[in-house]
Number of protein chains: 2
Amino acid sequence: MLEIRHLKTLHALREADSLVDAADRLHLTQSALSHQFKELEERMGMPLFVRKTKPVRFTSAGLRLLQLADATLPLLRAAERDISRLAGGTAGRLHMAIECHSCFQWLMPTIDQFRDAWPEVELDLASGFSFAPLPALARGDLDLVVTSDPVDLVGITYVPLFTYEAMLAVANQHKLASKAYIVPEDLLTETLITYPVERDRLDIFTRFLEPADVEPAQVRTSELTVMMMQLVASGRGVCGMPHWALHEYSSRGYVKAKRLGEKGLFATLYAGIRADMLDAPYMRDFLLTAKDTSFSTLDGVSAVR
Amino acid sequence: MLEIRHLKTLHALREADSLVDAADRLHLTQSALSHQFKELEERMGMPLFVRKTKPVRFTSAGLRLLQLADATLPLLRAAERDISRLAGGTAGRLHMAIECHSCFQWLMPTIDQFRDAWPEVELDLASGFSFAPLPALARGDLDLVVTSDPVDLVGITYVPLFTYEAMLAVANQHKLASKAYIVPEDLLTETLITYPVERDRLDIFTRFLEPADVEPAQVRTSELTVMMMQLVASGRGVCGMPHWALHEYSSRGYVKAKRLGEKGLFATLYAGIRADMLDAPYMRDFLLTAKDTSFSTLDGVSAVR
DNA sequence: AGGCAAACATGAGACAAACTCAACCTTTTC
DNA sequence: GAAAAGGTTGAGTTTGTCTCATGTTTGCCT
C-alpha cells in the first residue's frame, strides 16, 4: 500500500517547494511524481498537498505522512548503513556483555587495544543485559557475551578464551591460611562473600559446595572487588574469586589465596557469539586480541592455558 | 533499495518458522519469497537467514533488519490508520492547545460534550506547545489552537468562537471599586497581577496600558486564577481577566469587576485550524459545540456575541 | 486582452520488477 | 528407499512505474 518511495517523495517535496524541483532532486521526471501522487492520493482517498501555491502546502493527511517519513527514514538509513558495514566486514558493531563480575579487569585492556586497531567498529559494553545476555545475543541486541558456562543454543558459537583457577581469598591470620588446600567442609563455619548474583552462576556453589552438600554459616554479598577484599582482610569472611583477580591483592600480602579442593577448581571463560559473526574480520581479531591480552595480563600469575 | 515488502516478509518469516508458512500468511507463493530473498541478499551482500533449520535462524544482518521492521512497521500501520480515519471523516485526531490561560474553564465543558458525541476521535489538550502553538499547528503536530490574535498564516483558518470583555478585578474596598470605569492612569500606582506569559500576549498591556504609555507600579505573576483572586481580594493588587472568568468571584461579592476604558475592552477568541480540516465532520461539530457551550456557559454573564 | 512561461496533468508506450507456474534439487521421515 | 516437505531455479506473465510527448491551468507581463 504505502511505500518508502512515497515517503521519500513527500520528504523531497517539502524541501523543494515544487513538484518540478522535487523531481529534480529525486532524479525523476515531473511526470513521474505527478503520476505517483495521483495514484497515492487515490489510494488514500484524499489530497495530500495543495498544488497551486508556491511553497507547496500540505494537507493534514500529507502532514501526517511527512511525520511518518521523519520518523522512519532515519531509521531506514541507519539500518542500511549497519548492513553495508556488516557486509563490508571491515567495520560494524560489537556490543558486549559479561556475566562474570571480575572480568572487567582483563576485558578493559582488550577493549583498549581493539579500539585502536578498529576505530570504525562501534564498541559498547552493555550493562542492561546482565540478567539474560544469551537471549539478547540470539535476538541481535548483543554481539558478544563473555560467560563461563556455555549453554547450547542454535546459532550461537562459543570460543574458549582462557582457563583460570578459582581460589579462596582468606585473611592472612585466618585459621585456613595455613592449609595446603580448602575442602568444602572448611566453609561450614565461615561467612562466604559473593557478588550479588544467583547462586547457580557462582562456581564455588555449583562446583564446590553443592556437590558436597555444604552450606556456609553465612553468605553475604558485595558489588565491588575491593570491598570484598577489605572484608576478607579484616577477617569478616572468605570469598571465591578468579585467581588472576586475586593476584593484585595476594601478591602484596593483603590476603591469602588458597586452592579449592586438592586438584583446584578450574573454569574456562568463553566468548559467545552468533555463528555467522565468526567470519567478520573484526570479530576474529577481537577474539584473538582477547586471548592475547588475557595471556599477557595473567602472565606470571600462572594462568592455565 | 530496501522496501517495506522486505520488512513485512522478514517479519512474517520470523512468525512462521518456514518460507512455506510465511508465504501462506502473505498470500504469496513460496517461490515468490525465495526470489525475493535471493535478490535482497544479493543487494545486501550477505545471507539474511539460514534455510535448512526448522525454526529458521536469522543471521546478524537478518536480525538487524528485523529490528528495523519492529521499529517501523508499527509506525507505518499507525499512520495508515490515521489516514484512513482522516479519509473516512467520521473519526480522527483533535489535538488542541490554548494560548489563553483562563480558557480551560469554558473549554472543558466543550470537550466533555464533544467526547460523548465523537468517542472515536482522539482528543488531546496539549500542554507542551504553549510556547509556539501556531507553527505546531502548521506542521501538523496540533489540530486546533485557541487564540485571541489570529496571525495570518498560509493554510490556517480562524473561526471566531465568541467575544468577551476583559475587565479589571479589584478588591471590594479598593479605591478604584467605586469608579464607573478604569482608565490606564489608574494603574500607575497599582500592582498588576498577570499570568506568567510574555506581555505581548496580554491584552491589558497591548491594548490598554501600552497605547497610553502607562506602566503599573509593579507587576507580579501567578499561575492559578484562584490564587490571583485571593491576592486581589486581599488588596495586594489588581488583575485583568475575561469577564466570564471573573463572574464566579464577582457574583459572590468576593471581588469587583471593573470596565477597562469608557467603552470596555473587548476581545474575540478564535479557533485556528488547518484549512482542509474545515471539511472534517467532527471538526465542524467541535466548532459548533465550542460556540454553543460558550454561549450557555456565559449565559447570564452578558457575553457579547 | 492577448500572449507567454511556468507548473502541473494526462495518455501511450517502454521497461523493469515481482509474481506464478512448473520442474528440479535436497533433506527429513517412516 | 520412497514419499513428503522445504527450498531453488528458469521461463513466462502480470503489474506497476517510469519517460516522452502533449494538453491544461495559472499567473504574469506589456
Side-chain angles (χ1 to χ4, degrees), chain A residues 1-59 61-62 65-66 69 76 80 154-155 275-276, chain B residues 1-59 61-62 65 69 73 76 80 154-155 275-276:
Chain A
M1 178 130 195
L2 194 57
E3 287 299 327
I4 291 177
R5 168 170 35 95
H6 299 134
L7 298 185
K8 287 187 175 167
T9 305
L10 267 165
H11 185 84
L13 182 57
R14 182 178 51 191
E15 311 302 309
D17 290 351
S18 91
L19 269 195
V20 184
D21 269 19
D24 257 11
R25 289 179 189 234
L26 296 169
H27 307 293
L28 290 174
T29 59
Q30 170 272 324
S31 170
L33 294 204
S34 188
H35 281 297
Q36 196 179 107
F37 272 114
K38 189 188 173 190
E39 198 238 339
L40 185 59
E41 289 180 334
E42 225 156 68
R43 277 198 260 186
M44 297 291 150
M46 58 196 320
L48 295 176
F49 70 102
V50 185
R51 281 100 215 275
K52 19 191 166 187
T53 58
K54 180 54 191 173
V56 284
R57 251 177 46 215
F58 294 93
T59 66
L65 288 188
L66 272 172
L76 223 109
E80 284 182 336
V154 281
D276 65 300
Chain B
M1 180 134 193
L2 195 57
E3 287 299 326
I4 289 177
R5 166 172 34 96
H6 298 133
L7 298 184
K8 286 188 174 165
T9 306
L10 266 164
H11 185 83
L13 182 57
R14 181 178 53 193
E15 311 303 308
D17 289 352
S18 90
L19 270 194
V20 185
D21 271 20
D24 257 12
R25 290 181 188 232
L26 296 169
H27 308 292
L28 291 175
T29 61
Q30 172 272 325
S31 172
L33 294 203
S34 188
H35 281 296
Q36 195 178 109
F37 272 114
K38 190 189 172 189
E39 198 240 336
L40 185 58
E41 289 179 334
E42 225 157 69
R43 278 198 259 185
M44 297 290 149
M46 57 194 322
L48 295 174
F49 71 102
V50 185
R51 281 101 215 275
K52 20 193 165 187
T53 58
K54 180 54 192 173
V56 284
R57 251 178 45 215
F58 294 93
T59 65
L65 288 188
L73 290 183
L76 224 107
E80 284 181 336
V154 280
D276 65 302

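Numbered from 1 within each chain, the chains take letters A, B, ... in sequence-line order.
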Output the distance between atom [atom1] ([X]) and atom [atom2] ([Y]), rounded to the nearest 0.5 Å.
| X | Y | atom1 | atom2 | result |
| --- | --- | --- | --- | --- |
| A:L2 | B:E80 | CG | CD | 5.0 Å |
| B:L19 | B:L28 | CG | CG | 11.5 Å |
| B:D24 | B:L33 | CG | CG | 9.5 Å |
| A:Q30 | A:H35 | CD | NE2 | 8.5 Å |
| A:E41 | A:L48 | CD | CG | 4.5 Å |

Can you see if the side chain of [X] gets near the phosphate of [N] - specifically, an N or O under 4.0 Å from OP1 or OP2?
| X | N | value |
| --- | --- | --- |
| B:Q36 | C:dC19 | yes |
| B:R51 | D:dG6 | no |
| B:T29 | C:dT20 | yes |

In whole angstrom, what separates [X]'s [atom1] from [N]'s [atom2]?
| X | N | atom1 | atom2 | result |
| --- | --- | --- | --- | --- |
| B:E3 | C:dA16 | CD | C1' | 14 Å |
| B:L2 | C:dA17 | CG | P | 16 Å |
| B:K38 | C:dC19 | NZ | C1' | 15 Å |
| B:L33 | D:dA5 | CG | P | 19 Å |
| B:F37 | D:dT8 | CZ | P | 10 Å |
| A:E42 | C:dT10 | CD | C1' | 13 Å |
| A:D24 | C:dC8 | CG | P | 12 Å |
| B:F49 | D:dG6 | CZ | P | 13 Å |

task = Name the orientation class of the two ring planes belonging to A:F58 and A:F49 (parallel below 30°, tilted from 30 to 60°, perpendicular beyond 60°).
result =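 Taking A:F49 first and then A:F58, their aromatic rings sit tilted (interplane angle of 30° to 60°).
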key: Of all pairs that satisfy salt bridge (Lys or Arg N to Asp or Glu O under 4.0 Å), the ones with a partner from residues 5-17 of chain A, not counting sequence neighbours   = A:R14-A:D70
ask   = Looking at B:R57 and A:G155, what are the two nearest heavy atoms and their distance?
value = NE-CA, 3.2 Å
ask   = Which residues within residues 4-23 of chain A lie with some heavy atom under 4.0 Å of an atom in DNA chain C?
value = A:S18, A:L19, A:V20
Tabulate atom names and distances for all N/O pairs under 3.5 angstrom spanning the protein and nucleotides 22-27 of chain D.
none

C:dT10 base stacked by A:H35 (centroids within less than 5.5 Å, tilt under 30°) = yes
message = Does A:S31 contact C:dT10 through a side-chain donor or acceptor facing the base, at a distance under 3.5 Å?
response = yes
query = With a 4.0 Å cut-off on heavy atoms, is B:L28 in touch with a base, just the backbone sugar-phosphate, or nothing at all?
reply = sugar-phosphate
message = Contact between B:R43 and B:H6 at the side-chain level, heavy atoms closer than 4.5 Å - yes or no?
response =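 With C-beta onward as the side chain, the pair touches.
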